[in-house]
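Let me begin by presenting the structure, written as structure tokens, before commenting on it.
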Amino acid sequence: MADSVVVPAGTTAADAVAAAGLPRIGPRAVVVVRDPSGRLRDLDWAPELDTEVAPVTIDSPEGLAVLRHSTAHVLAQAVQDLFPEAKLGIGPPIENGFYYDFDVEKPFQPDDLSKIEKRMQQIVKAGQTFRRREYASAEQAKMELAHEPYKLELVDIKGDVDAAEVMEVGHGELTHYDNLDSGGERVWGDLCRGPHLPSTRMIPAFKLMRSAAAYWRGSEKNPQLQRIYGTAWPSRDELKAYLTRLAEAERRDHRKLGSELDLFSFPDELGSGLPVFHPKGGVIKREMEDYVRARHIEEGFQYVGTPHISKEGLFHTSGHLPYYAETMFPPMSMEGSDYYLKAMNCPMHNLIFRSRGRSYRELPLRLFEFGSVYRYEKSGVIHGLTRVRGFAQDDSHSYVTREDAPHEIEHLLTFILSLLRDFGLDDFYLELSTRDPKSDKFIGSDEQWETGTRVLEEVAVASGLELVPDPGGAAYYGPKISVQARDAIGRTWQMSTIQYDFNQPARFGLEYQAADGSRQEPVMIHAAKFGSIERFLGVLVEHYAGAFPAWLAPVQVVGIPIRDDHGGYLEEFAARLRREGIRIEVDHSTDRMQKKIRTAQQQKIPFMAIAGDDDVTGGTVSFRYRDGSQRNGVPLDEAIAHVVEVVRSRVNTGPSAA
RNA sequence: GCCCCUGUAGCUCAGUUGGCCAGAGCACUCGCCUUGUAAGCGAGAUGUCGUCGGUUCGAUUCCGACCGGGGGCUCCA
């Protein structure tokens with residue numbers, strides 16, 4: 001692919017692209033060009049001077065966005081063909097696809113989507129041309145758009161909007177894209193800053209995915225529009241691959257696997273977002289907790305315990321109540337006090353710090369617990385284990401001197417990453433959440449925010465990991481770093497957070513005595529490693545698709561006798577493994593061994609230990625692993641050593657004979 | 001919280017255009033079979049058709065409210 005081509009004055013970019021011999025169709029088709037100012041231009045753009053431009057192919061990130069936005073236009077045209085009363089909202093490209101918002105009398109039904117999709121296919125086939133047209137003035141635009149109230153609103157705000165989401169306006173000018181049929185007749189059009197594909201025929205593969213409601217311009221004060229989501233790709237194969245990825249994600253859904261593997265459930269009787277862990281899920285949860293607790297203690301944390309409820313004064317002191325009252329469960333009144341279920345642990349840890357005088361010699365003081373917290377999440381956001389109303393935070397608070405804060409944060413980040421790696425996640429990036437200076441949600445002085453943000457940023461940069469800014473994403477009391485982890489199929493999950501807090505130590509009057517005898521205020525560093533045990537368990541279920549590493553697996557070995565009378569032999573084997581702390585069961589059911597293998601396979605048990613006449617005679621067992629591989633006739637001592645080794649090493653792959 | 005969809009056996013799902021005892025597969029129980037690497041054969045048991053109310057001679061089916069679940073929006077200390 002040529003890096004650049006020159007478009008001679010008065011000719012179109014398309015001509016230059018063609019002259020350079022670059023493809024106009026196919027999976028690497030050039031769909032737009034980038035001009036020297038960095039702006040993307042349509043292929044029928046004709047500069048007034050000779051201009052060097054960079055061709056942009058349909059499979060590049062920018063090319064994909066153009067493809068998807070053009071497909072969104074086709075969607076809007078199809079909707080207005082079928083529902084002439086539909087008013088247009090916005091229709092930007094998004095990750096893997098696009099959406100378009102409509103104001104319609106009746107929300108779209110699944111039937112409607114297939115009708116719309118069919119109409120879109122006709123439009124694509126018709127090969128309509130996208131033609132750019134500039135409005136002479138805002139007044140002219142308003143006249144033409146008189147019947148589109150939402151577009152009118154956009155004309156008024158012009159380019160003064162979030163550029164990524166609003167494709168309609170920008171670059172300080174008002175433009176329109178008309179769709180022309182093969183006879184050059186205008187059949188449809190939309191306010192849009194562009195650019196677009198040259199023709200609808202260049203949309204190789206698309207599919208409508210779902211419809212949902214969305215607030216106009218993202219505010220719940222505004223009316224709700226009906227949003228249709230779709231996806232579009234440079235080839236049918238890529239569309240198919242994308243749909244396969246979605247199916248794979250569905251196959252890994254922890255809610256489904258959780259019930260199939262008998263790990264946890266959400267009894268209606270308890271209420272939404274309140275999980276119970278069954279014995280098998282309990283094993284995983286306990287293994288996680290035991291390991292994480294041990295690692296914390298190794299790293300100098302001290303395990304503490306605090307209650308689930310507290311009088312309200314505590315949350316006034318901490319400053320949480322004014323900010324989060326709506327997402328805390330309502331208080332219960334007893335003996336003249338209002339008690340709240342706790343939604344965060346830090347205030348209670350502060351009380352532990354404050355319980356006696358502290359010396360600089362004790363710092364950093366690191367308190368840690370699995371604190372049960374309850375948050376009244378809105379009913380619409382509750383989702384499996386990843387968004388619940390009651391959960392255990394693996395929460396720690398490090399109290400340090402101001403000077404020592406960078407070192408402590410570095411220590412925490414290193415610790416967190418090693419912990420995540422221990423559980424098999426090893427692809428990370430960091431996000432730095434800072435305050436929005438325009439919002440009054442944040443408390444503390446500019447100087448405090450600058451200090452905290454700088455300290456976090458320096459540590460994040462030093463880690464060498466990719467760092468993504470998240471302006472306005474901080475908690476009200478301080479900036480934070482969060483660790484985002486990619487799972488086995490490339491999805492990212494926000495895991496750990498580290499927060500720099502200069503606020504609570506002051507509110508609680510925390511102090512320690514320094515070497516010079518003066519009283520000083522510590523800085524507090526909040527750190528949640530998994531965020532919530534429940535959520536991390538859900539993430540692990542999806543990451544491993546339910547096939548947990550041997551050290552976490554609820555049942556690590558299942559003994560499968562070939563005939564009933566081999567069961568006793570396997571029980572002896574099992575007894576020896578149990579003495580080593582291995583979780584083993586022998587399948588004495590009346591099923592035949594092929595069925596037992598299938599059952600163990602479906603339960604994703606790491607080791608199947610099979611024994612028949614040959615094994616009993618030879619003093620061996622035969623392993624079958626989850627991947628179907630086998631190791632037959634393994635002497636008992638060796639078999640036991642093998643299982644114990646795999647479990648104790650905490651390897652996150654296998655086991656396998658391969 | 002808002003919008004749309006949805007709730008039938010432990011699980012996955014049929015079904016009833018309002019009407020006698022509501023069905024299948026898997027799982028479960030009991031028999032038979034005694035078996036070498038992903039489902040042996042047979043029999044049996046299983047449901048106030050999410051809950052409460054309304055319409056109706058009659059509701060699992062229609063309507064409403066509530067409680068769950070799903071997809072989004074908004075939110076996420």
Side-chain angles (χ1 to χ4, degrees), chain A residues 99 101 106-110 112 209-229 253 255-256 259-260 262 265-274 315 318-328 342-347 373 375-384 386-388 393 395 433 441 473-478 480 482 494 497 499 501 503-504 526 528 531-532 535 560-566 589-602 608-615 622-626 628-633:
Chain A
Y99 65 79
D101 289 343
K106 272 194 295 184
F108 298 112
Q109 308 279 312
D112 297 332
M209 303 303 288
R210 62 176 73 88
S211 66
Y215 298 108
W216 168 240
R217 303 197 60 215
S219 167
E220 55 187 329
K221 294 186 194 84
N222 288 338
Q224 275 194 334
L225 305 181
Q226 294 302 312
R227 173 172 298 179
I228 296 179
Y229 285 92
D253 191 317
R255 296 164 299 185
K256 185 165 156 268
S259 82
E260 277 174 16
D262 196 15
S265 60
F266 299 86
D268 293 357
E269 290 81 349
L270 289 181
S272 188
L274 297 168
F315 302 119
S318 70
H320 286 100
L321 208 42
Y323 285 87
Y324 299 112
E326 276 188 8
T327 44
M328 291 176 76
K342 76 173 166 183
M344 68 298 294
N345 302 298
C346 29
V373 297
R375 296 177 181 178
Y376 188 75
E377 303 285 1
K378 290 180 183 174
S379 59
V381 306
I382 288 168
H383 181 93
T386 56
R387 197 75 185 273
V388 290
Q393 260 189 332
D395 204 4
S433 300
K441 169 184 145 189
Y476 71 91
Y477 53 75
K480 76 174 175 203
S482 57
Q494 178 179 318
T497 56
Q499 288 171 277
D501 187 353
N503 170 53
Q504 286 198 52
H526 306 241
S532 114
R535 181 179 139 89
I560 297 180
I562 282 175
R563 220 174 36 236
D564 281 358
D565 54 307
H566 302 124
S589 70
T590 58
D591 292 327
R592 46 189 354 198
M593 62 88 82
Q594 284 86 344
K595 181 62 183 298
K596 292 180 183 181
I597 288 170
R598 177 180 153 85
T599 304
Q601 193 80 43
Q602 287 185 320
M608 290 174 230
I610 297 168
D613 287 338
D614 296 349
D615 286 296
S622 295
F623 284 113
R624 181 194 162 97
Y625 304 94
R626 282 186 293 220
S629 62
Q630 302 176 27
R631 279 180 67 201
N632 294 329

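Just so it is clear, the values below take in all heavy atoms, side chains as well, and ignore hydrogens, waters and symmetry mates. Treat the numbers as computed from the prediction; the structure is a model and nothing was measured. Residue numbers begin at 1 in each chain, while the letters A, B, ... track the order of the sequences.
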Check your understanding: If the C1' atom of B:rA14 is compared with that of B:rU60, how far apart are they to the nearest Å?
Key -> 14 Å

Practice item. Choose from B:rC76, B:rU37, B:rA77 the nucleotide whose nearest atom is closest to any side-chain atom of A:Arg387. Key: B:rC76

Exercise for review: Identify, with sequence neighbours excluded, every residue that meets side chain to side chain donor-acceptor pair (under 3.5 Å) alongside A:Ser433.
Suggested key: A:Asp470

Check your understanding: Does a nitrogen or oxygen in the side chain of A:Tyr323 sit under 4.0 Å from OP1 or OP2 of B:rC76?
Key -> no

Review point. Could you state the CE-C1' distance from A:Met608 to B:rA38, rounded to the nearest angstrom?
Key: 8 Å

Review point. Could you walk me through whether A:Asp501 and A:Gln499 pass the side chain to side chain donor-acceptor pair (under 3.5 Å) check?
Key: CA-CA 6 Å; A:Asp501 187 353; A:Gln499 288 171 277; over 6 Å; no

Review point. Nearest to the side chain of A:Arg210, which nucleotide is it out of B:rA77, B:rG71, B:rC73?
Key: B:rG71

Exercise for review: For A:Gly628, answer base if it contacts any base atom (sugar-phosphate contacts may also be present), sugar-phosphate if it contacts only those atoms, and nothing otherwise; contact means non-hydrogen atoms under 4.0 Å.
Suggested key: nothing

Practice item. Mark yes or no for whether A:Lys480, through its side chain, and A:Ala475, through its backbone, hold a donor-acceptor pair below 3.5 Å. Key: no

Point to revise | Gap between atoms OH and P, on A:Tyr215 and B:rC3 respectively (whole Å) | key: 8 Å

Point to revise | Nucleotide pairing, RNA chain B (Watson-Crick or G-U, distances under 3.5 Å), in dot-bracket with [ ] and | | key: (((((((..((((.....[...)))).(((((.......))))).....(((((..]....))))))))))))....

Point to revise | Atom P, compared across B:rG70 and B:rU55: separation rounded to whole Å | key: 34 Å

Check your understanding: Taking the same atom, P, in B:rA65 and in B:rG42, what whole-Å distance lies between them?
Key -> 49 Å

Practice item. Using the P atoms only, state how far B:rA45 lies from B:rU56, rounded to an integer number of Å. Key: 39 Å

Review point. Does A:Tyr324 stack onto the base of B:rA77, taking stacking as ring centres under 5.5 Å apart and planes under 30° apart?
Key: yes

Review point. Considering only heavy atoms and no angle criterion, is a donor-acceptor pair shorter than 3.5 Å present between the side chain of A:Asp615 and the base of B:rG36?
Key: yes

Revision key, fill the gap. d(A:Ile610 CD1, A:Ile597 CD1) to nearest 0.5 Å is 4.0 Å

Study note, to complete from the structure: A:Lys596 atom NZ is separated from B:rG36 atom P, nearest whole Å, by 13 Å

Study note, to complete from the structure: Note: A:Ser272 and A:Ile382 closest approach over all heavy atoms is OG-CD1, 3.5 Å

Study note, to complete from the structure: RNA chain B nearest-nucleotide lookup for A:Ser219 and A:Gln594: closer to the 5′ end is A:Gln594

Check your understanding: Once you round to the nearest 0.5 Å, how far does OG1 of A:Thr590 lie from NZ of A:Lys596?
Key -> 7.5 Å

Point to revise | Selected nucleotide, minimal atom distance to A:Val381 side chain, candidates B:rU37, B:rA77, B:rG1 | key: B:rG1

Practice item. Report the nucleotide, chosen from B:rG36, B:rU74, B:rA39, that has the shortest atom-to-atom distance to any side-chain atom of A:Glu220. Key: B:rU74

**Study point:** Spacing of A:Thr599 atom OG1 and A:Met608 atom CE [to the nearest 0.5 Å]
**Key:** 9.5 Å

Practice item. Determine, stepwise, if the pair A:Lys106 / A:Gln226 fulfils side chain to side chain contact (heavy atoms under 4.5 Å, CB included). Key: CA-CA 9 Å; A:Lys106 272 194 295 184; A:Gln226 294 302 312; over 6 Å; no

Check your understanding: Counting just side-chain N and O atoms, does A:Lys595 come under 4.0 Å of either OP1 or OP2 of B:rA27?
Key -> yes

Study note, to complete from the structure: note: A:Glu260, atom CD; B:rA27, atom P; distance rounded to Å ~ 14 Å

Review point. In whole Å, what separates the C1' atom of B:rU74 from that of B:rG1?
Key: 8 Å

Exercise for review: Using a heavy-atom cut-off of under 4.0 Å over every strand shown, decide if A:Tyr229 touches base, sugar-phosphate, or nothing.
Suggested key: sugar-phosphate

Point to revise | Presence of A:Arg563 side-chain N/O under 4.0 Å of B:rU35 phosphate oxygens OP1/OP2 | key: yes

Study note, to complete from the structure: Rounded to whole Å, CG of A:Asp253 lies from P of B:rC11 at a distance of 16 Å

Exercise for review: Starting from C1' on B:rG1, measure out to CD on A:Glu326 and report it in whole angstrom.
Suggested key: 9 Å

Practice item. Establish, with yes or no, whether the OP1 or OP2 oxygen of B:rA38 is under 4.0 angstrom from a side-chain nitrogen or oxygen of A:Arg624. Key: yes

Practice item. Just call it for A:Asp591: base, sugar-phosphate, or nothing, with non-hydrogen atoms closer than 4.0 Å on any strand. Key: nothing

Exercise for review: Give one of base, sugar-phosphate or nothing for A:Ala214, where a contact means two heavy atoms less than 4.0 Å apart.
Suggested key: sugar-phosphate

**Study point:** N or O in side chain of A:Lys480 less than 4.0 angstrom from B:rA77 OP1/OP2
**Key:** yes

Review point. Taking OP1 and OP2 of B:rG36, is either one under 4.0 Å from a side-chain nitrogen or oxygen of A:Arg592?
Key: no

Review point. What is the nucleic acid contact for A:Ala475, judged by heavy atoms within less than 4.0 Å: base, sugar-phosphate only, or nothing?
Key: sugar-phosphate

Review point. Parallel under 30°, tilted from 30 to 60°, perpendicular over 60°: which one fits the rings of A:Phe623 and A:Tyr625?
Key: parallel

Practice item. Find which nucleotide of RNA chain B each of A:Gln393 and A:Phe108 is nearest to by heavy atoms, and output the residue with the more 5' nucleotide. Key: A:Phe108

Check your understanding: Does a side-chain N or O from A:Ser272 land closer than 4.0 Å to OP1 or OP2 of B:rG69, or not?
Key -> yes

Revision key, fill the gap. Regarding the side chain of A:Ala212, the nearest nucleotide among B:rU37, B:rG72, B:rG1 is B:rG72

Practice item. Indicate the ring-plane relationship of A:His526 and A:Tyr477, choosing parallel, tilted or perpendicular according to the 30° and 60° boundaries. Key: parallel

Review point. Would you say a side-chain N or O of A:His383 is under 4.0 Å from OP1 or OP2 of B:rG71?
Key: yes

Point to revise | Atom-pair distance (NE2 on A:His526; P on B:rC76), nearest Å | key: 17 Å

Review point. A:Asn632 side chain: which of B:rG1, B:rU37, B:rC3 is closest?
Key: B:rU37

Check your understanding: Any donor-acceptor pair under 3.5 Å joining the side chain of A:Ser622 to the base of B:rG36?
Key -> yes

Exercise for review: Go through B:rU37, B:rA77, B:rG68 for me and flag the one nearest to the A:His320 side chain.
Suggested key: B:rA77

**Study point:** Integer angstrom distance from the P of B:rG50 to that of B:rA22
**Key:** 15 Å

Exercise for review: Round to a whole Å and report the spacing from CG of A:Asp564 to C1' of B:rU34.
Suggested key: 7 Å

Point to revise | Integer angstrom distance from the P of B:rA77 to that of B:rG64 | key: 38 Å

Check your understanding: Just checking A:Glu377: base, sugar-phosphate only, or nothing, at a heavy-atom cut-off of under 4.0 Å?
Key -> nothing

Practice item. Remember a base hit wins even if backbone is also touched, and classify A:Thr327 as base, sugar-phosphate or nothing at under 4.0 Å, heavy atoms. Key: base

**Study point:** Closest heavy-atom pair and its distance - A:Val373, A:Met344
**Key:** CG1-N, 3.7 Å

Practice item. Remember a base hit wins even if backbone is also touched, and classify A:Gln602 as base, sugar-phosphate or nothing at under 4.0 Å, heavy atoms. Key: nothing

Review point. Side-chain N or O of A:Arg255 less than 4.0 angstrom from OP1 or OP2 on B:rG71?
Key: yes

Point to revise | Euclidean distance for P, B:rG44 against B:rA38 (whole angstrom) | key: 31 Å

